Amino acid sequence: MSHSELSEQELLRRESLQKLRDLGIDPYPAALYPVDAFAADIKAQFEDGKQVCLAGRMLSQRIMGKASFAEIQDASGRIQVYFNRDELCPGEDKTLYNEVFKKLLDLGDFIGVRGVVFKTQVGEISVHVTEFQLLSKSLRPLPLPKTDASGVVHDAFTDPELRYRQRYVDLVVNRHVKDVFIKRTKLFNAMRAFFNRAGYMEVETPVLQAIPGGASAKPFMTHHNALDIPLYMRIANELYLKRLIVGGFDGVYEFSKNFRNEGMDRTHNPEFTAMEIYVAYKDYNWMMDFTEQLLEFCALEVNGTTIAPFGDHTIDFKAPYKRVTMRQSIIDFTGFDIAGKTEDELRAAAKGMGIEVDETMGTGKLIDEIFGGKCEGNYIQPTFITDYPKEMSPLCKVHRDDPSLTERFELMVCGKEVANAYSELNDPIDQRERFEEQLKLQERGDDEAMFIDQDFLRALEYGMPPTSGLGIGMDRLIMYLTNNASIQEVLFFPQMRPETQGPKIVLNETETAIFEKMQSEKQLLLGELRAHFEISNKVWDTSLKTLTKNQLLTVFKEGDLLLVKLN
RNA sequence: GAUUCCGUAGCUCAGCUGGUAGAGCAAUACACUUUUAAUGUAUGGGCCCUGGGUUCGAAUCCCAGCGGGAUCACCA
């Protein structure tokens, strides 16, 4: 980037940087800074006269002649600090205060201060600075939202594009954004604690898979050079965790980054996080109890309460949750009983409800469409929907009382699925038949049908104990727990289209110096320009070539004279 | 993918039926020793997203593109 592209404020900050260096101050010192206090703690446990050493970004400065207030923000929060000229500079030389503090420091710089805790006349807990040090210079101005006396935020940094592309800025400036991510980590920690206490083991399984199994979705494809084979980014980890149950673990879980090459919207990101857990010798009824206990615990750990406001709704994660069969749910909201109906009857019924249907849809798909269209959206409070049609659940065990159904539940919250669980199918012959049915669906035009994983079938043939498995959409759950309607608000770096920018010209130090010289001269004899720089002929030659190639300068002849001019 | 709104100073935003750019904060300079959206005075800062078109003249109107948001559809 050439200097001419920098804004006025960026140029001034670079000048300050140089002036600091001229004063013998390293703007990027290497040594550790012996921090022994945090803003939030100082405020929470006020001790008048306590010596503290803290560090952070300076985010405001109120200079009043020989005294000043500033605010420092560290990882814990903000605190006001007080600077007094004659205390910082007891001698004749007031440079440290007058120049360094007042002029050469900018908002956003990291500084370290030592001082004494006190309360100002208006009662604000502050640190009376006895010593300060620049820890890192900031060369770009941060957006600076301000909160007035009545709590209204002015000039908030709100542009979603800027906030997502420059999350580091968002986090510095928007405290509530940081809090969302702190809660996100609390949620993960709470789940781990809950599972570990139950004696289950956290495991890792492959992200790169030869057969992308365990769900119906379009995978991202890649290629392994040494093996010369295609590999897929996982769309789920289900089949690998079940292999571990075959291997003899009683309970395994994994927080799985999954990848799906599909549309993006406010609830879908191409990479997202699912938690899956498999427990041997359990069934889906046990898993429902376990799930509601888990979510109640997580809500309490994250928010200190089971109540979670979400948009216009107030969700309560307190167990137990209502349990409704899919058949009953459809009766409740449409009056139609799906039990024992043929595919044609279902299609006609769905059509009658105003649901779009087509010939590729089997009975399972039709029932799913009816449920999705007429029922799903009505479940605001956490509700288990149970006993899904067999056709939609190729990895799930057949229902013990009804062979057309499966022992499956989904947990609905605010009309969306947050969890999905089965009594896992462990009959290898049934499993093979289900995969083959998927193939038929594929041939019929269903492009989401699953691949057949022969190795997984082999594992099942060795025998898998009865097992129940649960998957939770972590991103969606944290959205509910932090009242965010968009997945982008709960991912540090949501997927964005790459920033397109014209080919940027990058000048090195010499080239920059030559260019700056020419900016003040406009036009010069080539030899004269050369004489200003103590560099080798080779460096001179390549530098000038870079500048002319990028059309910043032009070399031209006037008679016998070689001249350079600025473009 | 469809519809719709948006893109102007570092940030948040004005800018009328076209006449060549405005505010607050931030910045710069000066003043000010317990302020707190500190204050007062002065000053500087713009490829008005990009490219075409209409026009004597475009930030403004038209077309196309790029980027983003929202809603819907599709998809777990």
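Model, not experiment: these values are computed from the prediction. Throughout, a chain's letter reflects where its sequence line sits, starting with A, and its residues are numbered from 1.
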Find the distance [X]:[atom1] to [N]:[atom2] and express it as a whole number of Å.
{"X": "A:M58", "N": "B:rA27", "atom1": "CE", "atom2": "C1'", "value": "13 Å"}
{"X": "A:D159", "N": "B:rG10", "atom1": "CG", "atom2": "P", "value": "14 Å"}
{"X": "A:I487", "N": "B:rC75", "atom1": "CD1", "atom2": "C1'", "value": "13 Å"}
{"X": "A:L105", "N": "B:rA26", "atom1": "CG", "atom2": "P", "value": "17 Å"}
{"X": "A:L104", "N": "B:rA27", "atom1": "CG", "atom2": "P", "value": "14 Å"}
{"X": "A:H268", "N": "B:rU71", "atom1": "NE2", "atom2": "C1'", "value": "16 Å"}
{"X": "A:L6", "N": "B:rA9", "atom1": "CG", "atom2": "P", "value": "17 Å"}
{"X": "A:D265", "N": "B:rA2", "atom1": "CG", "atom2": "P", "value": "16 Å"}

*Between A:A156 and A:L107, name the one whose nearest nucleotide on RNA chain B is closer to the 5' end.*
A:A156
*Would you mind telling me which residue lines up with the more 5' stretch of RNA chain B, A:P145 or A:N420, judged by nearest nucleotide?*
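Nearest-nucleotide comparison on RNA chain B picks A:P145.
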_Does A:R408 qualify as a cation-pi partner of A:Y422, given the criterion of NZ or CZ under 6.0 Å from the six-membered ring centre and within 45 degrees of its axis?_
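No.
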*Assess A:K119 against A:F46: is NZ or CZ under 6.0 Å from the centre of the six-membered ring, and within 45 degrees of the ring's axis?*
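Yes, a cation-pi geometry.
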Given the [atom1] atoms of [N] and [M], what is the spacing between them in whole Å?
{"N": "B:rU55", "M": "B:rG19", "atom1": "C1'", "value": "12 Å"}
{"N": "B:rG46", "M": "B:rC32", "atom1": "P", "value": "32 Å"}
{"N": "B:rG1", "M": "B:rA37", "atom1": "C1'", "value": "46 Å"}
{"N": "B:rG51", "M": "B:rU39", "atom1": "P", "value": "40 Å"}
{"N": "B:rC6", "M": "B:rU12", "atom1": "C1'", "value": "15 Å"}
{"N": "B:rG45", "M": "B:rU28", "atom1": "P", "value": "15 Å"}
{"N": "B:rG40", "M": "B:rU35", "atom1": "C1'", "value": "15 Å"}
{"N": "B:rU17", "M": "B:rA59", "atom1": "C1'", "value": "16 Å"}

*Contact class for A:E271 vs. all strands (heavy atom < 4.0 Å): base, sugar-phosphate, or nothing?*
nothing
*Annotated protein contacts, base or backbone, on nucleotides 31-44 of chain B with a non-hydrogen cut-off under 4.0 Å, one of B, S, - each*: -BBBBBBB-----B
*Do the side chains of A:F384 and A:E292 get nearer than 4.5 Å, heavy atoms only?*
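A:E292 vs A:F384: side chains touch.
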Could you let me know what [N] is paired to, Watson-Crick or G-U wobble, both distances under 3.5 Å, or none if it's on its own?
{"N": "B:rA58", "result": "none"}
{"N": "B:rA64", "result": "B:rU50"}
{"N": "B:rA27", "result": "B:rU43"}
{"N": "B:rU35", "result": "none"}
{"N": "B:rA2", "result": "B:rU71"}

I'd like to know whether [atom1] of [X] has more than 12 heavy-atom contacts from other residues, nucleotides or ligands below 6.0 angstrom.
{"X": "A:D22", "atom1": "CG", "result": "yes"}
{"X": "A:F38", "atom1": "CZ", "result": "no"}
{"X": "A:M496", "atom1": "CE", "result": "yes"}

*Return yes if a side-chain donor-acceptor contact under 3.5 Å exists between A:Y284 and A:T406, otherwise no.*
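The answer is no; no qualifying pair exists.
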*Classify the angle between the aromatic ring planes of A:Y82 and A:F69 as parallel (below 30°), tilted (30 to 60°) or perpendicular (above 60°).*
tilted
*Measure the acute angle between the ring planes of A:F255 and A:Y253, then classify it against the limits of 30° and 60° as parallel, tilted or perpendicular.*
perpendicular
*Output yes when at least one side-chain N/O atom of A:R497 is less than 4.0 Å from OP1 or OP2 of B:rG68, else no.*
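Yes, within the criterion.
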*asked:* Is the phosphate of B:rC75 approached by A:K365 (side-chain N or O, under 4.0 Å from OP1 or OP2)?
replied: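 Affirmative; the distance criterion is met.
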*Identify which nucleotide among B:rC13, B:rG69, B:rG10 has an atom closest to any side-chain atom of A:Y164, counting heavy atoms from C-beta outward.*
B:rG69
